[in-house]
Amino acid sequence: MVTMSETETPPFRYTAALAGEIELRWQAFWDANGTFHAPNPAGELADPDHPRAGAPKLHVQDMFPYPSGAGLHVGHPLGYIGTDCYTRYQRQAGFNVLHPMGFDAFGLPAEQYAVQTGTHPAVTTAANVERYRQQLRRLGLAYDDRRSFSTTDPDYYRWTQWIFLQVFNSWFDPSAGKARPIQELIESYESGARGPEWAGLSAVEKRQLIDDHRLAYMSEAPVNWCPGLGTVLSNEEVTPDGRSERGNFPVFKRSLKQWMMRITTYGDRLIEDLDTLDWPEPVKLMQRNWIGRSRGAHVDFPVASSTGVIKVFTTRPDTLFGATYMVLAPEHELVDSIVPAAWPQGTHAVWTGGADTPAAAVEKYRREAAEKTEEERTADGKVKTGVFTGAFAVNPVNGAEIPVFIADYVLAGYGTGAIMAVPGQDERDWAFAEVFELPIIRTVEAPEGFEGAFTGDGPAINSAWLDGKGVAEAKAAMIDWLEAEGKGKGATTYRLRDWLFSRQRYWGEPFPIVYDETGLPIALPDSMLPVVLPDTDDFSPRTFDPEDADTEPETPLSRIKEWVQVELDLGDGPKMYTRETNTMPQWAGSCWYELRYLDPHNESKLVDPANESYWMGPRADGDCGGVDLYVGGVEHAVLHLLYSRFWHKVLFDLGHVSSFEPFKKLFNQGYIQAYAFRDERGVIVPAEEVVERDGRWYHGDSVVNREYGKMGKSLKNVVTPDEMCEQYGADTFRVYEMAMGPLDVSRPWETRAVVGSQRFLQRAWRLVVDEETGATRVTDEPLDPKTRKVLHRIIAGVREDMEELRFNTAIAKLIELTNALTPQETVSREAVEPLVLMISPFAPHLAEELWGKLGHEGSLAYTAFPVADPAQLVADAITYPVQVNGKVRGRVEVSPETTEDEVRAAALAAVAEVLAGKDPKKVIVVKGRLVSVVV
RNA sequence: GCCCGGGUGGUGGAAUGGCAGACACGGCCGCCUUAAAAGCGGCUGCCCCAAAAGGCGUGCGGGUUCGAGACCCGCCCCGGGCACCA
């Protein structure tokens with residue numbers, strides 16, 4: 001049967017087999033001719049003879065993939081196909097289009113995959129990259145492949161290391177609000193401009209002082225330690241429930257000496273420059289929330305019976321009169337020095353935690369806190385815990401002595417790690433005050449009958465000179481008073497913390513840093529880059545019992561002794577140095593890759609300024625510049641997009657780039673979801689074996705339940721682009737992905753619906769090619785006037801849709817045009833050529849083939865996209881629906897020249913029967929639209 | 001709890017405040033065929049009905065408007081983000 005149907009398929013039908021043959025041929029053609037090479041203004045990729053040299057530029061990028069061992073499924077290339085259709089259209093519309101693609105290949109998943117398979121990550125990564133290249137190539141994506149790279153290429157990470165050194169060798173000048181070379185700081189110290197102390201410092205002290213100003217610095221601080229992964233993680237890599245984003249292991253706060261980047265100094269600019277970006281509002285909002293700027297004041301509370309001062313940050317200085325106690329984070333540095341030897345007279349029993357002395361109570365509370373994971377600490381509905389330190393502080397506004405507690409609801413890393421507690425106006429403080437029976441003083445008048453902490457606006461009460469003022473006014477007045485009295489100061493704090501930049505991993509960029517006998521870091525000179533990742537078979541990370549917080553990180557590179565110890569001449573003769581053995585986090589390579597595409601082989605510069613300013617430079621005053629369109633998943637809303645903005649701004653400050661944002665416009669594509677099926681035992685069954693009968697789902701004879709979610713191996717519902725190319729051809733697959741819905745909306749994959757896209761392409765093929773003979777069916781006769789109008793209406797609509805990335809509706813219009821031409825015996829070239837050109841962004845191989853059959857030489861990639869003739873967009877006749885009281889009761893057809901009065905008269909005549917002699921109260925004629933009659 | 005999105009036929013989805021359901025999948029019918037597939041053509045929101053004609057329809061309840069899927073108010077449900085950040 002199968003062979004019979006195959007033999008009876010017309011010989012020149014556009015089948016999957018024919019599509020495959022056409023696709024391979026055109027992919028080879030594009031490669032051989034460098035069809036999609038984009039000319040640079042300068043350097044080795046410059047090409048003045050290129051058809052788009054000197055044309056307006058368009059720079060489009062995708063978030064490059066992380067090549068996993070599993071290969072691509074049909075969901076992965078959705079955005080890539082979207083940008084490919086868009087850039088193919090814009091190239092035809094006249095732009096010099098840059099659309100590159102690379103691979104993000106350092107990092108945890110590649111390393112874990114290597115450990116699992118027992119193969120070196122360099123080997124598995126190369127294989128995965130190659131597999132991805134093949135899979136993407138098969139889809140006919142029009143990349144300039146001369147610009148492709150992997151972040152693991154030494155030629156690439158040489159520049160990642162170079163940027164690290166730029167960051168290391170700069171400091172943030174708060175008065176200028178920007179990064180400056182560290183040398184300028186050293187000079188200002190040496191000139192004495194920063195005070196006389198410098199001259200008295202030893203050489204080592206001078207280095208330490210300077211190191212403390214660097215944008216990349218080492219610090220001993222509480223960090224996220226993940227024993228299960230054997231590495232520390234950035235805040236961004238820890239989930240809200242205190243687990244690692246990768247692997248879902250518990251994460252513990254531990255004080256460790258690690259590399260940090262001073263991203264916090266850019267907090268204001270990272271917030272404010274969001275206004276210059278054309279990004280989805282939700283993503284901007286997520287960044288604003290992540291940075292979490294809050295304005296308020298620092299207030300000093302002297303410790304009673306001691307010389308210490310507790311500095312707190314508060315957003316509500318207006319409520320100072322309601323501060324009835326204070327809380328320090330358990331790790332706060334002042335705790336030990338304020339704890340008295342014994343409990344003060346009459347200390348409340350619940351305050352002591354059952355300990356005999358304050359020191360014992362503090363010690364016990366700290367120990368318990370350290371053993372808890374973040375998850376336990378922040379568990380919902382948790383009862384507040386804490387313990388009295390035995391010390392009192394003085395409220396600077398009224399001299400009241402208030403008790404000082406430690407409690408884990410105050411975080412060491414935010415603000416000053418200490419708070420004044422105002423239970424009347426803060427829900428957390430209220431909850432704590434209830435547990436510890438602390439006094440509550442309201443300082444804002446709450447509504448009648450209000451229970452609990454009142455956080456809303458209202459007149460101040462119990463607050464002396466602030467009484468009667470609203471919250472905003474009282475805040476300002478209190479800040480003025482604090483500053484005048486020298487007891488505090490207006491201040492801004494951020495939720496954002498400095499970026500933890502080192503990992504205890506093998507598969508990452510080595511730091512271009514060595515240490516001398518002082519233990520202080522020394523930057524290697526640019527001439528020594530790249531610091532190549534040393535080869536080793538012993539690349540596995542040292543991991544631990546995931547629950548065991550009391551473990552020490554160990555870097556795999558430290559095990560390569562002969563690499564760690566190195567003799568170098570750094571200017572004062574050959575000496576032994578110790579290399580930094582941490583590696584950079586996975587984000588490092590993706591923090592700046594958008595720049596390297598511009599000038600991928602430049603050996604003397606990150607990017608030639610001429611190329612950077614052409615592709616990314618600002619186009620007007622206040623324009624941030626950057627990539628014109630950046631497409632990727634919303635999961636990178638904070639991590640990658642925040643880190644890369646930070647690096648870009650540092651490079652901007654140091655004069656290496658002219659744009660101050662990397663990505664001007666961001667578009668989040670949706671996800672392709674899939675159905676998974678579970679039998680009655682709850683076991684997943686292969687989705688491809690499930691059939692639907694009478695609205696139920698069967699696997700064999702048994703009924704199975706359908707679930708909707710991700711596509712994945714474990715859910716047995718993976719569909720690969722390779723299968724789709726095999727069964728339908730790449731063009732059909734592309735059309736289907738673009739036609740199934742708007743690019744930014746997630747939708748379910750339905751293999752059985754793909755055939756609709758194939759039928760469309762088959763019909764389009766048949767317009768040009770006789771399926772029996774292979775002859776061209778097109779005539780040079782002019783198109784009939786009616787179809788001509790359809791053609792131009794559709795050209796206008798498609799252009800509009802393409803500009804707005806509305807590919808689903810663009811394809812619907814192309815299908816409409818194809819269907820309108822299908823019944824015609826022979827089809828006019830006047831219609832077919834524009835149709836082929838308009839199809840080409842979506843089904844480029846098919847379109848190239850048809851373009852050839854229509855008698856054209858070479859590729860259509862640079863052939864102008866059709867433009868609608870405005871004269872053809874005017875309708876011959878307008879049909880007005882006539883509504884009576886909002887319901888359509890008739891219609892009239894009139895010529896476009898008909899006057900409004902004539903339309904009205906015709907409309908009333910058309911619904912005369914419905915009106916039954918009644919006089920209309922009102923008749924509304926909407927020109928070109930409809931007539932509405934009110935009775 | 002707070003902040004974003006989103007709810008339209010059996011399904012994916014269309015609709016500058018102006019004829020709801022474009023286009024596609026699926027389904028039904030027809031042509032072609034010995035037959036089937038493919039292809040081509042027709043029908044396909046729901047209810048009533050032989051048909052025509054009606055009636056009802058965009059999560060629910062109100063409102064604005066000649067006219068609301070779209071705008072406003074109040075709910076419900078789904079998805080996502082944030083959540084001891086002082």
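Per chain, numbering begins at 1; letters A, B, ... match sequence-line order.
In this structure, NZ of A:Lys927 is placed 18 Å from P of B:G18, rounded to the nearest angstrom. Distance CG (A:Leu78) to C1' (B:G12): 14 Å, rounded to an integer number of Å. Between A:Glu772 atom CD and B:C32 atom P there is a gap of 18 Å when expressed in whole angstrom units.
Shortest non-hydrogen contact noted between A:Ala910 and A:Arg891 is CB-O, 4.2 Å. The two residues A:Leu743 and A:Phe807 come nearest to each other via the heavy atoms CD2-CE1, 4.1 Å. The heavy-atom pair separating A:Arg293 from A:Arg295 by the smallest distance is CZ-NH2, 3.4 Å. Closest heavy-atom contact between A:Val410 and A:Gly417: CG1-O, 3.5 Å.
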Interface polar pairs with nucleotides 14-16 of chain B, N/O, under 3.5 angstrom:
unit_1, atom_1, unit_2, atom_2, d
B:A14, OP1, A:Asn808, ND2, 2.9
B:U16, O4, A:Arg929, NE, 3.2
B:U16, O4, A:Arg929, NH2, 2.9

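Counting any heavy atom pair closer than 4.0 Å across all strands shown, A:Ser294 reaches sugar-phosphate atoms only and no base atom. Backbone-only engagement by A:Ala753 is indicated by non-hydrogen atom pairs under 4.0 Å involving sugar-phosphate atoms exclusively. Heavy atoms of A:Gln762 sit under 4.0 angstrom from primed sugar atoms or phosphate atoms, though from no base atom. Residue contacts shown for A:Ser746 are limited to sugar-phosphate atoms, with no base heavy atom under 4.0 Å away.
Of the residues in residues 414-422 of chain A, A:Tyr414, A:Ile419 come within less than 4.0 Å of RNA chain B through at least one heavy atom, sorted by number.
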Quiz prompt | Contact pattern, 5' to 3', of nucleotides 51-66 of chain B - B, S or - by protein heavy atom under 4.0 Å | solution = ----SS---------B
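The C1' atoms of B:U11 and B:G27 are separated by 11 Å, rounded to the nearest whole Å. Taking atom P in both B:C48 and B:G59, one finds a spacing of 23 Å when rounded to whole Å. Here, B:A53 and B:G80 have their P atoms 47 Å apart, quoted to the whole Å. To the nearest whole angstrom, the two P atoms, one in B:A22 and one in B:U34, are 36 Å apart. Straight-line distance between the P atoms of B:G6 and B:C71: roughly 9 Å, to the nearest whole Å. With C1' as the reference atom, B:G21 and B:C46 are 13 Å apart, rounded to whole Å. The gap from the C1' atom of B:C49 to that of B:C32 amounts to 34 Å, rounded to the nearest Å. Spacing between B:A15 and B:U8 at atom C1', rounded to whole Å, works out to 10 Å.
Here B:C25 is the nucleotide among B:C19, B:G13, B:C25 with the atom lying nearest to any side-chain atom of A:Arg752. The side chain of A:Val410 has B:A86 as its nearest neighbour among B:G12, B:A22, B:A86. Considering only side-chain atoms of A:Leu285, the nucleotide from B:C23, B:G26, B:C4 that sits closest is B:C4. Nearest nucleotide to the A:Pro282 side chain, out of B:C4, B:A38, B:U11: B:C4. Which of B:C25, B:A86, B:C40 sits closest to the side chain of A:Arg763 comes down to B:C40.
Annotation for A:Lys927: atom NZ counts as buried by contact number, over 12 foreign heavy atoms lying within 6.0 Å.
In this structure a side-chain-to-backbone donor-acceptor pair under 3.5 Å is missing from A:Asp408 to A:Pro330. Of the possible polar contacts, one joining the A:Lys284 side chain to the A:Leu274 backbone as a donor-acceptor pair under 3.5 Å is found.
The ring-ring contact (aromatic ring centres under 6.0 Å, His included) check on A:Phe436 picks up A:Phe405, A:Phe432, with sequence neighbours excluded. In this view, A:His298 and A:Phe313 satisfy the ring-ring contact (aromatic ring centres under 6.0 Å, His included) rule, not counting sequence neighbours.
A side-chain N or O of A:Tyr414 and one of A:Ser294 form a donor-acceptor pair less than 3.5 Å apart.
Mapping A:Arg766 and A:Glu281 onto RNA chain B by nearest heavy atom places A:Glu281 at the nucleotide closer to the 5' end. Nucleotides of RNA chain B nearest to A:Asp426 and A:Val634 differ in position, and the one nearer the 5' end is that of A:Val634.
Look at A:Glu816 and A:Arg793 and you find a salt bridge, because one of the NZ, NE, NH1 or NH2 atoms lies within 4.0 Å of a carboxylate O, short of that distance. Using a 4.0 Å cut-off between a side-chain N of Lys or Arg and a carboxylate O of Asp or Glu, A:Lys384 and A:Asp429 do not qualify as a salt bridge.
In RNA chain B, consecutive stretches of 3 or more Watson-Crick or G-U wobble pairs with both distances under 3.5 Å are given as paired ranges: B:1-7 with B:76-82, B:10-12 with B:23-25, B:26-31 with B:39-44, B:45-47 with B:54-56, B:59-63 with B:71-75.
Rounding to the nearest 0.5 Å places CG of A:Asn819 at 11.0 Å from CG of A:Leu814. Distance CZ/A:Arg777 to CD/A:Gln824: 9.5 Å, rounded to 0.5 Å.
The aromatic rings of A:His636 and A:His640 lie perpendicular to each other, with more than 60° between the two planes, well past the 30° mark. Note on ring orientation: taking the six-membered ring where Trp is involved, the planes of A:Trp749 and A:Tyr736 are perpendicular (angle over 60°, cut-offs 30° and 60°).
For the OP1/OP2 pair of B:G26 and a distance below 4.0 Å, the side-chain nitrogens and oxygens of A:Arg759 include at least one atom meeting the criterion. Residue A:Arg495 places at least one side-chain N or O under 4.0 Å from the OP1 or OP2 atom of B:A83. Applying the 4.0 Å criterion to OP1 and OP2 of B:A24, one finds that A:Asn819 has a side-chain N or O inside that range.
In this structure, B:G69 is classed as anti because its glycosidic torsion departs from zero by more than 90°.
Under 3.5 Å, the side chain of A:Lys813 and the base of B:C23 form no donor-acceptor pair of N or O atoms.
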